[in-house]
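Keep in mind the model is a prediction, meaning the values are calculated, not measured. Note that the numbering runs from 1 along the sequence shown for the chain.
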Amino acid sequence: MLTLLLPARRYFAGQGLSPAVAKALGRAATSDTEAGELAQLRRPFRLRPVGQWPSAALMERRLKPGGDVQPFQWLRADPVWLQPDLTTARLMAWGNLGLTAEDAEALMAPLKPLFGDFGYVFEAREAEAWSVQCPRETRLPSFPHPLAALGDDAFPYLPEGPDARRWRSLMGEAQVLMHQHPVNAERARRSLPPANSLWFWGEGGLPDQIEGPEGHVATADPELAAYAQAAGAAVSDRVDATKPGLIDLRAERRWAVIDDLLALAMASMAQGAFAQLRLDFADGHRVSLERNQRWRFWKPAFKGFA
C-alpha cells in the first residue's frame, strides 16, 4: 500500500483535477475517521504498550543511533510562545519561532540548573527541539502534544495530579526566566514573538514494539520520521510514488502537485507495484483506490473539493 498524508480538503477548494484522477476518485471507496493533525500523524502506527506515544525517546534514538537511550525516560521541553489573555494564555507558536542555535544556547543557560537540581539532563537537539533525560524511575504525568493545544487556551492542557506538580512548577519558573531574558528583549525590539515558555510533551521510554508503513517513508517531519524508522521503514525526504510506503504531503496546498503524484502512483499500482493507494486527509476523510475499481465505470467522476 502507498499512503499519502494530505492537509484538510478545504485547502483544495476550487482547484481543478485532471480527468483521469477525477474518474479514479469517483470510483474509489471512502470513509471518515478522527479529524485533526495529531490523529492523522498517529494513524499509520501501532504501538505496544497501547496508548503510549513516547515521541521524545524515539526522536532521541533517531538523532543518536549509537546513544544510550533505553535506560532513561525522555521528555521534550520545546520553547513556545504563550500569549497572555485576560484570564488565560494561548499557545500561539511551536517549532516556528525562528530561533538560532545561539538563541537556544542563551535561553537554556539559566534553565539547565532548574532541571539539574532534580537530576534531569536538559539539552538542545536543535534550536527549537529541547530534550529532557530523566532517570528510569521518574514518574512522568501525561503531557498533551502541542498540536492538540496550538491556538487554544493552554491551561486546560496542563498536566494534573501529584506527579504533575513538579512539572507545573518547572514550567512556571522557566516562564519567569525566559520572560526576563535578553534574547526575548531583542526579539521584542525586532517585533518578533517571544520564546517565553516551555511545552512538555512526548514523555516515556522506548516502546516494546512499533508497527508502521512498509517500504519507504518520505517526510521532513522529525517526529513522523522517528516513528517510521523505529517501525523498520527506510526514511528520507525523497518522494517516490512508484513504490509502497508513505509520502508526507501535509504542507502541500497545490492540488496540481498532488494530482501529478496520484497519476504516477495509479500507473504504478496498475502495474502491480502495490495493491492499494490511500489518501488520508487531516480532516479525517480517507479515500482508498484499488485496481479492481476500474470496473465501477457507472460511477460519476469526482467533481472537486467544495
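For E34, the CD atom sits in a loose shell: 12 or fewer heavy atoms of surrounding residues, nucleotides or ligands are nearer than 6.0 Å. Heavy atoms from other residues, nucleotides or ligands lying under 6.0 Å from CD of E186 number more than 12. Taking a 6.0 Å sphere around CD of E160, one finds it holds 12 or fewer heavy atoms contributed by other residues, nucleotides or ligands. For CD of Q15, the number of neighbouring non-hydrogen atoms (other residues, nucleotides, ligands) closer than 6.0 Å is greater than 12.
Under the 30°/60° scheme for interplanar angles, the aromatic rings of Y227 and W53 are found to be tilted.
In this structure, the side chain of D78 engages the main chain of W130 through a donor-acceptor pair within 3.5 Å. Side-chain atoms of Q83 never come within 3.5 Å of backbone atoms of P193 as a donor-acceptor pair (strictly under, hydrogens ignored). Between the side chain of E290 and the backbone N or O of A29, no donor-acceptor pair lies under 3.5 Å. Not one N or O on the side chain of E203 forms a donor-acceptor pair closer than 3.5 Å with the backbone of W74. Checking side-chain atoms of H181 against main-chain N and O of A106 turns up a donor-acceptor pair under 3.5 Å. Remark: the backbone N or O of P194 is not paired with any side-chain donor or acceptor of N184 at under 3.5 angstrom.
Here the options are L261, V257, T219, L4, the test is side chain to side chain contact (heavy atoms under 4.5 Å, CB included), and the partner is V239; only L261 passes.
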Item to check | Derivation and outcome, side-chain hydrogen bond (donor to acceptor under 3.5 Å, both in side chains), residues H145 and E37 | outcome: CA-CA 11 Å; H145 197 290; E37 291 182 61; over 6 Å; no
Evaluation steps, salt bridge (charged side-chain N to carboxylate O under 4.0 Å, His left out), between D208 and R48: CA-CA 6 Å; D208 296 333; R48 293 182 182 175; over 6 Å; no
* To do: Report the C-alpha distance between L177 and L114 in whole Å, list the side-chain angles of each, state the deciding distance to 0.1 Å, and finish with yes or no for side-chain contact (heavy atoms from CB on, under 4.5 Å).
  => CA-CA 10 Å; L177 292 171; L114 288 179; 3.6 Å; yes
Exercise. Evaluate the criterion side-chain hydrogen bond (donor to acceptor under 3.5 Å, both in side chains) for residue pair D85 and T88; output intermediate values, then yes/no.
Key: CA-CA 5 Å; D85 209 334; T88 183; over 6 Å; no
| message | If you apply the rule side-chain contact (heavy atoms from CB on, under 4.5 Å), what do you find for V287 with L25, and how did you get there? | response | CA-CA 8 Å; V287 180; L25 294 184; 4.0 Å; yes
I'd like to know whether Q209 forms a side-chain hydrogen bond (donor to acceptor under 3.5 Å, both in side chains) with E211, so could you lay out the CA-CA distance, the side-chain angles of the two residues, the decisive distance to 0.1 Å, and finally the verdict. CA-CA 7 Å; Q209 182 180 359; E211 299 176 359; 3.1 Å; yes
- side-chain contact (heavy atoms from CB on, under 4.5 Å) assessment of R61 paired with Q70: CA-CA 9 Å; R61 185 166 70 175; Q70 183 66 50; 5.8 Å; no
As a quick check of understanding, evaluate side-chain hydrogen bond (donor to acceptor under 3.5 Å, both in side chains) for Q73 and T138, giving each step before the final call. CA-CA 7 Å; Q73 298 264 28; T138 304; over 6 Å; no
Discussion item. Show, in sequence, the C-alpha distance, side-chain angles and deciding distance for L170 and L111, and conclude whether the side-chain contact (heavy atoms from CB on, under 4.5 Å) test is met.
Written reply: CA-CA 9 Å; L170 277 170; L111 300 178; over 6 Å; no
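With respect to the salt-bridge test (charged N to carboxylate O, under 4.0 angstrom), the residues D280 and R278 do not qualify. In summary, D221 and R250 engage in a salt bridge, as defined by a charged side-chain N under 4.0 Å from a carboxylate O. Between E60 and R125, at least one side-chain nitrogen of the basic residue sits less than 4.0 Å from a carboxylate oxygen of the acidic one, meeting the salt-bridge criterion. Looking at D153 and R90, no side-chain N of the basic residue comes within less than 4.0 Å of a carboxylate O on the acidic one, giving no salt bridge.
The closest side-chain donor-acceptor pair between H285 and D32 falls under 3.5 angstrom. Side-chain contact, S131 with E123: no donor N or O sits under 3.5 Å from an acceptor N or O. When only modelled atom types and interatomic distance are considered, R254 and Y11 share no side-chain donor-acceptor pair under 3.5 Å.
Annotation: salt bridge (Lys or Arg N to Asp or Glu O under 4.0 Å) contacts of D163 (sequence neighbours excluded): R139.
With a 4.5 Å cut-off on side-chain heavy atoms, L99 and P79 count as touching. Considering only heavy atoms from C-beta on, P54 comes within 4.5 Å of P207 through its side chain. Residues R62 and P222 fail the side-chain proximity criterion, which asks for heavy atoms closer than 4.5 Å. Side-chain contact check for L91 versus W199: some heavy-atom pair is nearer than 4.5 Å. A 4.5 Å side-chain heavy-atom check between D259 and L17 finds at least one atom pair inside the cut-off. In this structure, the side chains of T242 and L264 come closer than 4.5 Å at one or more pairs of heavy atoms. Between S197 and M171 there is a side-chain heavy-atom pair separated by less than 4.5 Å. Counting heavy atoms from C-beta on, the side chains of V21 and K23 never come closer than 4.5 Å.
Y157 has its ring centre no less than 6.0 Å from the ring centre of W201.
Considering all non-hydrogen atoms of both residues, V235 and A228 come closest at CG2-CB, 3.8 Å. Between A265 and L277 the shortest heavy-atom distance is CB-CD2, 3.8 Å. The two residues F274 and M269 make their nearest non-hydrogen contact at O-CG, 3.2 Å. When all heavy atoms of F281 and A8 are compared, the pair lying nearest together is CD2-C, 4.5 Å. Minimum interatomic distance between L140 and G204 (heavy atoms only, all atoms of both residues): CD1-N, 3.9 Å. In terms of heavy atoms, R238 sits closest to A218 at O-CB, 3.2 Å.
The distance from atom CE of M266 to atom CD of Q271, rounded to the nearest 0.5 Å, is 12.5 Å. If you take CZ on R286 and CG on L6, they are separated by 13.0 Å, rounding to the nearest 0.5 Å.
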Atom pairs and distances, donor-acceptor, side-chain atoms in residues 299-306, under 3.5 Å, two or more places apart:
none

